[in-house]
Amino acid sequence: NRVGIDGNGVRYAGDSMAFDPAGCNLLKQRSGTRFVKTVTFSRQTLMDVRRRLPFLPDADRFRIAP
């Protein structure tokens, strides 16, 4: 999600992509272009994926101490 050269001389090509929870590509931007884009996906798709892959309730609860 970066394009250009940073302060250390590291070059970033861009190549940004966005996927919905089912893995469908919502955005693929051409390499080397600068842009700002907001993508949205279906709440129903999110709920369907969560229903089919119910792993989130099994996640460990942890906290990173300050």
Inset, instruction - List the atom of Val39, the atom of Ala18, and the distance in Å for their closest heavy-atom pair. - result: CG2-CB, 3.7 Å

Legend entry - Asp60 atom CG: more than 12 heavy-atom contacts under 6.0 Å: no

Inset, instruction - Please name the pair of heavy atoms, one in Asn8 and one in Asp6, separated by the smallest distance, quoted to 0.1 Å. - result: N-OD1, 2.9 Å

Inset, instruction - Side-chain contact test, heavy atoms from C-beta onward, threshold under 4.5 Å: evaluate it for Ile5 versus Tyr12 and give yes or no. - result: no

Inset, instruction - Search all heavy atoms of Leu26 against all heavy atoms of Thr40 and return the closest pair with its distance. - result: CD1-O, 3.8 Å

Legend entry - same_hphob_cluster(Val49, Phe55) at 4.5 Å side-chain heavy-atom cutoff: yes

Legend entry - Flag side-chain contact, heavy atom, 4.5 Å: Phe19 against Cys24: no

Inset, instruction - Any chance you could lay out the side-chain contact (heavy atoms from CB on, under 4.5 Å) test for Asn25 and Met17, step after step, and finish with the verdict? - result: CA-CA 7 Å; Asn25 191 340; Met17 299 176 89; 3.3 Å; yes

Inset, instruction - Quick one: closest heavy-atom pair of Ala22 and Thr45, and the distance? - result: CB-CG2, 4.1 Å

Legend entry - Interatomic spacing from CZ in Arg52 to CE in Met47 - rounded to 0.5 Å: 12.5 Å

